[in-house]
Trainee: 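Structure incoming, see below.
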Amino acid sequence: METSLPILSLSAAALAGAAAAFPKIQARIALSRAKHRSLTGHSKMSKMVARMVPRYEFDIDEFFCSDGAPKDIAMQRQDGFFRLAGLYADRYPKGRALTAEVTERISDLQFTETYRVPFQYSRLVREHLGTSSFVQASSGVTVTDVDGNVAYDLTGSYGVNIFGNDFYKECIAEGEKRAHALGPVLGPYHPIIADNVKRLCELSGLDEVSFHMSGTEAVMQAVRLARYHTKRTHLVRFAGSYHGWWGEVQPGVGNPVSPHETYTLADMSEKTLHVLRTRKDIACVLVNPLQALHPNSNAPGDSALVDSSRSSKYDRAAYTEWLKKLREVCTERGIVLIFDEVFVGFRLAAGGAQEYFGVKADMATYGKSLAGGLPIGVVCGRKDLMRRFRDDRPADICFARGTFNSHPYVMTAMDEFLSRLASPNFRSIYNGLDETWNGRAKSLNDRLAAAGLPVRVGNISSIWTVYYTEPSRYNWMLQYYLRAEGLALSWVGTGRLIFTLNYTDADFAEVSDRFVAAAEKMKRDGWWWHKEGLTNKNIKRQILKEMVAVRFGR
């Protein structure tokens with residue numbers, strides 16, 4: 001009897017401990033199930049895999065037949081490659097020379113030049129298909145490089161350029177005139193800020209505004225305020241979404257430190273809604289509406305085009321329904337819903353994504369286009385969420401400042417932008433916007449299909465991505481054929497084409513002709529040849545075999 005009491009006590013303690021742990025285990029399982037079932041949703045695993053991928057590259061003998069192409073196809077590709085190389089050398093001598101000169105001292109260029117294509121092919125591409133990183137003029141929907149070549153601009157200045165370069169030139173020029181008397185005096189406000197704040201509150205439907213120096217900073221502050229007011233720790237982001245390059249919203253590859261207070265969950269998932277309903281540590285949910293174009297997939301870039309599995313799945317009705325469910329759960333659980341509109345703000349609708357999808361956020365962040373072409377970040381939010389201090393706890397504050405916040409030239413350029421946006425005549429640009437761009441995408445897809453080309457485009461309004469209908473390891477070559485046809489692309493290549501809203505039907509018809517011509521030439525040069533029965537899975541297995549062989553020196 002004497003020995004049974006301690007045993008019973010231990011048993012009871014064990015049962016009590018198990019009972020206490022069971023809800024935590026359940027919550028952990030639910031969280032794991034809500035993560036996207038790929039490396040996109042598992043940041044620690046993605047970093048571990050990235051460290052295991054060995055560096056290897058194809059020499060000229062392997063470069064053109066890495067998919068098992070026969071000798072005649074490999075020679076066809078090689079001839080096409082060096083024909084393009086000759087064209088590039090003749091067309092961009094000044095730009096290529098200047099790019100080569102500054103790349104040694106600009107770390108950004110070292111990165112972008114290296115990661116335009118899958119790394120196995122990168123060296124030979126850099127040596128022979130080097131591009132110019134310099135342009136000297138813009139007009140209408142075109143840009144002119146330092147060699148005098150005119151190209152249709154499909155870069156959209158990474159989202160800044162919505163209404164056309166001439167529009168932003170006017171905003172900046174007029175803004176400079178209005179700010180000139182004050183100059184770059186920082187600290188006190190230029191009087192125009194009062195008008196800007198009023199318009200921003202009207203557009204966002206929110207109560208207060210804070211100004212920052214970039215979209216990344218605006219998102220940082222929105223998340224910080226959400227944590228401050230909810231007294232909770234974690235933020236939720238969705239697999240593949242981009243919210244700037246700061247640590248908390250970029251878990252996984254690209255961030256040397258693993259964030260411990262970020263949950264990366266699956267987009268458009270009931271399991272995610274379950275996690276939001278049941279956990280008590282979630283301060284806010286970040287939504288980048290651009291993710292509707294490719295839910296649960298990373299932002300597309302040609303450097304990741306190892307096969308043809310990239311796709312576009314935009315369904316406005318389905319994504320709207322998802323956002324409404326998200327809004328309902330966040331309201332129910334006291335979670336701050338943040339719309340990150342730095343990229344899409346004012347492109348989809350004058351009132352941004354909130355207006356476009358008909359869903360109200362608790363906070364919204366803006367940037368890029370808002371300052372008429374100058375750098376800016378803005379947070380709009382509910383009054384109770386924007387307050388940075390507590391009346392009853394004077395030492396308990398939520399600090400945020402920046403030397404260049406509310407810069408006079410930025411504020412006057414912003415007023416020029418917002419004044420134009422408020423004009424009824426200007427607002428008419430949004431009438432039938434989706435129909436226009438959906439129709440243009442369909443017309444191009446119809447032409448590509450009729451020509452038997454394995455290329456298609458997907459879009460959310462004027463933001464497009466290119467995807468491929470047949471398996472291939474060489475889809476990334478299309479960007480070089482497009483550039484040769486006079487289409488200017490950003491460094492991510494065909495992953496994102498951003499049209500400005502001043503593209504006329506005639507402008508688009510010219511772009512469409514050039515796009516089809518580029519794809520036809522790429523097909524003629526044999527890049528889309530593939531073995532009978534080849535699949536994307538086969539391609540990935542082949543790449544894995546190559547990596548294993550390199551890893552173990554076989």
Side-chain angles (χ1 to χ4, degrees), residues 157 159-164 167-222 225 338-355 360-383 385-388 400-427 429-430:
S157 295
V160 172
N161 191 349
I162 299 175
F163 303 117
F167 171 91
Y168 295 95
K169 289 180 187 178
E170 292 173 8
C171 288
I172 292 171
E174 292 303 313
E176 190 279 332
K177 290 177 186 176
R178 297 170 67 184
H180 183 76
L182 179 61
V185 174
L186 304 177
Y189 292 138
H190 189 287
I192 202 62
I193 200 171
D195 288 338
N196 289 341
V197 168
K198 180 181 178 182
R199 287 200 182 100
L200 284 169
C201 289
E202 289 172 352
L203 285 169
S204 67
L206 295 163
D207 305 318
E208 294 187 9
V209 175
S210 67
F211 294 101
H212 306 274
M213 292 176 283
S214 69
T216 290
E217 284 194 13
V219 175
M220 291 171 69
Q221 174 62 354
L225 284 167
I338 303 172
F339 275 17
D340 177 355
E341 299 203 44
V342 171
F343 195 98
V344 300
F346 316 110
R347 178 175 288 275
L348 304 179
Q354 292 187 89
E355 177 186 331
K360 177 90 168 177
D362 299 310
M363 305 177 85
T365 60
Y366 304 99
K368 293 189 182 289
S369 190
L370 177 58
L374 296 181
I376 187 63
V378 169
V379 180
C380 296
R382 289 184 352 221
K383 189 174 187 67
L385 294 173
M386 296 294 285
R387 198 166 181 81
R388 300 184 189 178
R401 281 301 301 155
T403 301
F404 291 97
N405 290 3
S406 309
H407 193 289
Y409 288 86
V410 173
M411 290 297 107
T412 51
M414 181 188 294
D415 185 66
E416 292 293 330
F417 175 91
L418 291 173
S419 296
R420 286 164 169 76
L421 193 65
S423 164
N425 290 337
F426 191 87
R427 288 268 183 125
I429 199 170
Y430 293 104

Trainee: Do H190 and S406 touch side chain to side chain, with heavy atoms closer than 4.5 Å?
Mentor: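 Sidechains of S406 and H190: no contact.
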Trainee: Report the residues that fulfil side-chain hydrogen bond (donor to acceptor under 3.5 Å, both in side chains) with H407, sequence neighbours left out, ordered by chain and then residue number.
Mentor: none
Trainee: Using modelled atom types and a 3.5 Å cut-off, is there a donor and acceptor pairing between side-chain atoms of E341 and backbone atoms of A364?
Mentor: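 Side chain of E341 to backbone of A364: no pair is present.
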Trainee: Looking at residues at least two apart in the chain, or sitting in another chain, which of them share a ring-ring contact (aromatic ring centres under 6.0 Å, His included) with F426?
Mentor: F163, F167
Trainee: Check whether R420 reaches the backbone of E416 with its side chain - one donor and one acceptor, N or O, closer than 3.5 Å.
Mentor: yes
Trainee: Can you tell if the side chain of L203 reaches within under 4.5 Å of the side chain of Q354, non-hydrogen atoms only?
Mentor: no
Trainee: Any side-chain heavy-atom pair from L206 and M386 closer than 4.5 angstrom?
Mentor: no
Trainee: Within a strict 4.5 Å, meaning less than it, do heavy atoms of the Y168 and S369 side chains meet?
Mentor: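 In short, these two side chains touch, coming nearer than 4.5 Å.
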Trainee: side-chain contact (heavy atoms from CB on, under 4.5 Å) for S419 and R199? Distances and angles first, verdict last.
Mentor: CA-CA 9 Å; S419 296; R199 287 200 182 100; 3.5 Å; yes
Trainee: For Y366, check ring-ring contact (aromatic ring centres under 6.0 Å, His included) against everything at least two apart and list the hits.
Mentor: F346
Trainee: State, yes or no, whether a side-chain contact exists between V197 and F211 at a heavy-atom distance under 4.5 Å.
Mentor: yes
Trainee: Could you tell me whether a side-chain N or O of R427 sits under 3.5 Å from a main-chain N or O of L421, the two making a donor and an acceptor?
Mentor: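 At least one qualifying donor-acceptor pair exists.
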Trainee: Flag the pair M213 / I376 as yes when at least one side-chain heavy-atom distance between them is below 4.5 Å, and no otherwise.
Mentor: no
Trainee: Determine whether R388 and Q221 make a side-chain contact, defined as any pair of heavy atoms from C-beta on separated by less than 4.5 Å.
Mentor: yes
Trainee: Please determine whether a side-chain nitrogen of the Lys or Arg among K177 and E174 lies less than 4.0 Å from a carboxylate oxygen of the Asp or Glu.
Mentor: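 The answer is yes: the pair qualifies as a salt bridge.
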Trainee: Does any N or O in the side chain of N196 come within less than 3.5 Å of the main-chain N or O of M411, such that one atom is a donor and the other an acceptor?
Mentor: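 Yes.
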Trainee: Can you name the nearest heavy-atom pair linking V379 to A218, along with the distance?
Mentor: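 In terms of heavy atoms, the two residues are closest at CG2-O, 3.2 Å.
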Trainee: Of the non-hydrogen atoms in T412 and A179, which two are nearest, and what is the gap between them?
Mentor: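 T412 and A179 have their closest heavy atoms at OG1-CB, 3.5 Å.
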